[in-house]
Amino acid sequence: HIRHPHYVSLLIVGFGLALLYYSALALLIALLAVPIMIWSILDEEKLLIKQYGEKYKKYMKEVPWRLIPKIF
């Protein structure tokens, strides 16, 4: 359903810990991690296209969502 489940799991853990400990600092860190992860994903996908070419482009069409289905 998504191409980058590892990044999603890291975000879930980050936001989960912030909620568990009622920590504004942890929430801020989790929020700051989102654009960093998006940037990493976009950079990683460029590398994967370069490395695997059409096979990865086909995979991208088969699995269109990066992190959250129907959003990104």
Side-chain angles (χ1 to χ4, degrees):
H1 298 290
I2 58 173
R3 290 196 303 260
H4 301 280
H6 181 184
Y7 289 104
V8 174
S9 68
L10 292 173
L11 290 173
I12 290 170
V13 168
F15 283 102
L17 288 172
L19 293 172
L20 178 68
Y21 292 109
Y22 302 106
S23 172
L25 178 60
L27 182 62
L28 177 64
I29 292 169
L31 288 170
L32 289 173
V34 173
I36 293 168
M37 286 188 182
I38 290 172
W39 182 30
S40 295
I41 287 169
L42 296 174
D43 195 44
E44 182 179 319
E45 287 188 338
K46 288 178 192 173
L47 180 70
L48 291 167
I49 290 170
K50 200 175 198 181
Q51 187 172 358
Y52 296 107
E54 288 304 314
K55 287 182 182 181
Y56 193 74
K57 287 180 182 180
K58 182 182 176 200
Y59 173 69
M60 289 173 76
K61 287 179 184 173
E62 292 171 4
V63 184
W65 305 110
R66 291 177 175 112
L67 289 176
I68 303 169
K70 299 184 181 177
I71 296 175
F72 178 74

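Residues Val13 and Met37 do not share a hydrophobic cluster, clusters being chains of Ile/Leu/Val/Met/Phe/Trp/Tyr side chains in contact below 4.5 Å. Under a hydrophobic clustering in which Ile, Leu, Val, Met, Phe, Trp and Tyr are joined whenever their side-chain heavy atoms come within less than 4.5 Å, directly or via other members, Ile29 and Trp39 fall into different clusters. Linking Ile, Leu, Val, Met, Phe, Trp and Tyr whenever their side-chain heavy atoms come within less than 4.5 Å leaves Ile41 and Ile49 in two separate clusters. Residues Ile68 and Phe15 share a hydrophobic cluster, clusters being chains of Ile/Leu/Val/Met/Phe/Trp/Tyr side chains in contact below 4.5 Å. Under the 4.5 Å side-chain heavy-atom criterion for Ile, Leu, Val, Met, Phe, Trp and Tyr, Leu28 and Leu20 are members of distinct hydrophobic clusters.
Taking CG of Leu27 as the start and OH of Tyr22 as the end, the distance is 13.5 Å to the nearest 0.5 Å. Between the CG atom in Leu67 and the CD1 atom in Ile2 there is a gap of 6.5 Å [rounded to 0.5 Å]. Residue Glu44 holds its CD atom at 11.0 Å from CZ of Arg66, rounded to the nearest 0.5 Å.
Nearest heavy atom pair, residue Ile38 against residue Phe72, reads CG2-CZ, 3.9 Å.
For the pair Glu54 and Lys58, the salt-bridge criterion is not met [side-chain N within less than 4.0 Å of a carboxylate O].
Each of Ile12, Leu11, Leu10 was compared with Val8 under the side-chain contact (heavy atoms from CB on, under 4.5 Å) criterion, and only Ile12 meets it.
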What do the steps show when you test Leu48 against Met60 for side chain to side chain contact (heavy atoms under 4.5 Å, CB included), and what is the final call? CA-CA 10 Å; Leu48 291 167; Met60 289 173 76; over 6 Å; no
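Around OH of Tyr52, the count of heavy atoms belonging to other residues, nucleotides or ligands within 6.0 Å does not exceed 12.
Counting only residues at least two apart or on different chains, the salt bridge (charged side-chain N to carboxylate O under 4.0 Å, His left out) pairs with a member in residues 1-30 are Arg3-Glu45.
Ring-plane geometry between His4 and Tyr7 is classed as perpendicular, the angle between the planes exceeding 60 degrees on a 0 to 90 degree scale with a lower cut at 30.
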